[in-house]
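Nothing here was measured: the structure is a model prediction, and the numbers come from that model. Lettering follows sequence order; numbering is per chain, from 1.
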2 protein chains.
Amino acid sequence: MRITLNDVAKRAGVSRNTVSLVVNGKYDKVKEETRERVEDVIQEMGYVPNFAARQLTGKRTKTLGVILPPLRNAFSFYNMSEMSSGISDAAGAQGYNLMFFVCNERFKQGLNIRLLKDSRIDGGLILDNGRLVIHNIEELERDEIPFVILNYRLERPKTNYVAIDKEHGSYLAVKHLIDLGHRRIGFINGSLPQHIEERFYGYRRALDEAGINLDPECVVTVTEGWVEKTGYEAADMLLELPQPPTSIVTSSDLIAIGVYKRLKEKGLRVPEDISVIGYDDIPIARYQDPPLTTIRQPYYDLGVKAVDILMRFIKNRDQKSVHESIKPILVNRASCSYPPR
Amino acid sequence: MRITLNDVAKRAGVSRNTVSLVVNGKYDKVKEETRERVEDVIQEMGYVPNFAARQLTGKRTKTLGVILPPLRNAFSFYNMSEMSSGISDAAGAQGYNLMFFVCNERFKQGLNIRLLKDSRIDGGLILDNGRLVIHNIEELERDEIPFVILNYRLERPKTNYVAIDKEHGSYLAVKHLIDLGHRRIGFINGSLPQHIEERFYGYRRALDEAGINLDPECVVTVTEGWVEKTGYEAADMLLELPQPPTSIVTSSDLIAIGVYKRLKEKGLRVPEDISVIGYDDIPIARYQDPPLTTIRQPYYDLGVKAVDILMRFIKNRDQKSVHESIKPILVNRASCSYPPR
DNA sequence: TGCGATTATATGAGCGTTCATATTTTAAGT
DNA sequence: ACTTAAAATATGAACGCTCATATAATCGCA
């Protein structure tokens with residue numbers, strides 16, 4: 001049997017309430033001497049307040065729920081870790097604990113939404129891995145549970161989101177190449193449907209601005225498994241074009257690494273023969289040969305910002321919903337140069 | 001105000017108990033017709049049982065707590081993700097949810113142990129990142145909270161752990177090189193104190209078995225930041241030895257990649273001039289040039305096994321404590337060969 | 001010394017469930 | 001139809017806390 005408030009009270013010879021006051025740090029309401037006695041007993045008995053009981057009286061749980069997609073299909077581990085660190089630091093700074101709920105397949109049936117609804121948490125952060133969440137989002141809204149969606153733009157009047165501006169990311173990449181003089185830019189697009197779309201828009205916008213015609217042949221879209229192998233294969237498609245591109249924009253560093261590999265096999269040098277640009281700035285990007293120019297996605301900041309927004313809603317539910325973007329930045333290393341000839 | 005059992009009961013014109021029975025799937029105790037009516041109302045009102053209230057009555061929470069070290073200092077993201085996937089799959093298979101608690105600095109003061117003690121979870125999985133946990137472990141034992149420590153061998157009569165056998169891992173690596181004919185084997189050791197020790201033992205054992213004298217100069221130990229840079233620098237130290245090794249055993253793939261880099265700069269070919277062996281088998285290992293021979297650590301299995309053990313203890317507390325090892329395996333790719341000359 | 005004003009502590013109800021138990025309804029058997 | 005058993009449903013307490021409130025102890029000051 002676990003130690004309860006009552007056990008402590010009895011042992012210390014005081015009432016439940018007094019112990020409660022001590023536990024909750026209401027030191028001005030209890031005599032110094034009594035407080036010390038109670039604290040000693042708490043220490044000695046190893047008392048920890050029962051979360052459920054406290055919760056039942058309507059107290060804040062001081063914990064945030066984070067819903068993650070199944071880890072195996074998660075977007076880059078690195079991004080996810082960065083984001084989690086941001087969430088963790090920001091929540092910790094406000095004295096909040098975190099519960100990470102990892103979805104499994106049952107997510108579709110709404111079981112995970114329950115985890116946010118059953119009063120274990122003060123608010124939720126939902127990392128969307130596509131569209132899964134949409135099925136149950138109205139329930140959260142109806143129950144007025146504060147939540148923020150990360151990494152996906154869900155345009156609903158009562159829904160908050162923070163997302164990285166993928167459009168801007170690929171715009172930056174393409175613009176960089178155009179500035180270097182490239183006119184024929186291959187694009188290996190990938191990831192979630194929404195991201196694919198946004199990335200494509202960024203690509204197109206940069207091209208448009210420079211008055212370059214978009215050649216659909218230059219765009220390879222991969223809808224899953226965006227790892228080295230994907231890049232390796234997609235590079236092949238691009239290189240076999242009648243008029244191959246002088247540069248390749250990718251949608252992940254891993255893809256770029258796969259591209260590197262294929263290029264090397266074909267005897268093409270980066271960046272002399274062909275420029276390559278990554279996406280994510282994962283730790284190994286800088287150690288590639290040549291060091292990979294890439295787009296850094298501030299996932300840490302994404303996490304921090306999401307927590308900030310969520311906290312605002314926890315403290316005051318009647319806010320206007322927040323839709324925020326975080327801009328990626330270009331990390332210029334050595335894999336891009338002027339086009340050959 | 002959130003919907004309660006009572007609200008549902010009133011609306012459905014039945015008693016609390018009936019609704020409770022339906023919610024808990026005790027279908028044999030309630031008439032089909034009533035059940036359907038109640039289920040409709042639940043659906044309609046979006047009722048979700050209050051976790052705290054249910055918990056208060058002593059029910060299993062059907063959730064496991066996972067304590068993770070601060071993500072930023074975590075060991076390889078990849079390993080951690082693998083492990084989390086294992087945990088997640090195994091827990092999910094038994095209908096259990098997961099709460100990941102990410103430690104922050106306050107961990108030392110025992111605040112995170114509270115998360116395991118406050119009855120939110122049925123049991124805990126603690127990923128140790130060194131020694132942090134030790135301070136509070138007695139409290140968990142005293143309260144008879146089922147828990148398992150992952151990745152660290154904490155030898156206590158009432159404590160369970162599952163750890164990957166690092167000793168065996170480096171033994172395998174060194175043995176592999178010895179079998180190829182190497183006699184002078186550099187060793188870049190790293191990670192947590194306990195792991196460093198175990199790895200060293202494995203290294204020594206393989207050497208002993210082959211009757212090779214251990215030359216302390218060949219062992220470089222790095223106590224933090226085991227990333228590419230570390231490998232790059234450690235490689236330097238080894239190469240500058242009067243009699244440089246013909247092969248290098250590392251303690252992470254990232255280190256091995258750093259080693260590759262330095263070797264290439266020095267014009268040394270892998271494996272013709274020098275053999276290199278990694279540790280972890282992270283996804284990019286196979287895409288290195290040459291593909292990296294490495295030691296695969298079954299972190300996924302570690303997670304699964306930990307959950308299995310924990311479940312046993314949840315179901316029956318009076319078990320003998322379990323100390324288990326998981327053996328890494330050698331993944332033979334192309335970075336090791338016969339020594340030169 | 002005693003009275004009100006503080007300050008310190010104690011008490012009772014209630015939070016939303018789940019049990020154990022009590023009550024009602026239905027069905028079965030004579 | 002009438003008892004009895006079984007099935008279906010209802011009720012009250014309990015879980016361990018936190019509030020609002022009640023009581024007791026302490027103090028200042030006439």
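- Using a 4.0 Å heavy-atom criterion, one finds that A:Phe51 contacts no nucleic acid atom at all.
- Between B:Lys59 and the phosphate of C:dC19, there is a side-chain N or O to OP1/OP2 separation shorter than 4.0 Å.
- Distances from the side chain of A:Thr57 to the nucleotides C:dT11, D:dT9, C:dG14 place C:dG14 closest.
- For A:Asn50, taking side-chain heavy atoms from C-beta onward, the closest of the listed nucleotides D:dC17, C:dA10, D:dT9 is D:dC17.
- Following rounding to the nearest Å, A:Asn17 (CG) and C:dT9 (P) show an atom-to-atom distance of 10 Å.
- With hydrogens and angles left out, the side chain of A:Arg2 and the base of D:dG16 share no donor-acceptor pair within 3.5 Å.
- Put simply, the side chain of B:Arg16 and the base of D:dT11 share no donor and acceptor less than 3.5 Å apart.
- Place A:Thr34 and B:Val23 on DNA chain C by their nearest nucleotides, and A:Thr34 ends up nearer the 5' end.
- Contact annotation: A:Tyr47 reaches the phosphate of D:dC17 (side-chain N/O to OP1 or OP2, under 4.0 Å).
- In terms of phosphate contacts, A:Asn24 brings a side-chain nitrogen or oxygen within less than 4.0 Å of OP1 or OP2 of D:dT18.
- Counting any heavy atom pair closer than 4.0 Å across all strands shown, A:Asp28 reaches sugar-phosphate atoms only and no base atom.
- For D:dC19, the OP1/OP2 oxygens have no side-chain nitrogen or oxygen of A:Ser20 closer than 4.0 Å.
- Across its full length, the helix from C:dT1-D:dA30 to C:dT30-D:dA1 shows an angle of 50° between the axes of its 5 terminal pairs at either end, rounded to 10 degrees.
- We find the CZ-NZ distance between A:Arg37 and A:Lys31 to be 8.5 Å, quoted to the nearest 0.5 Å.
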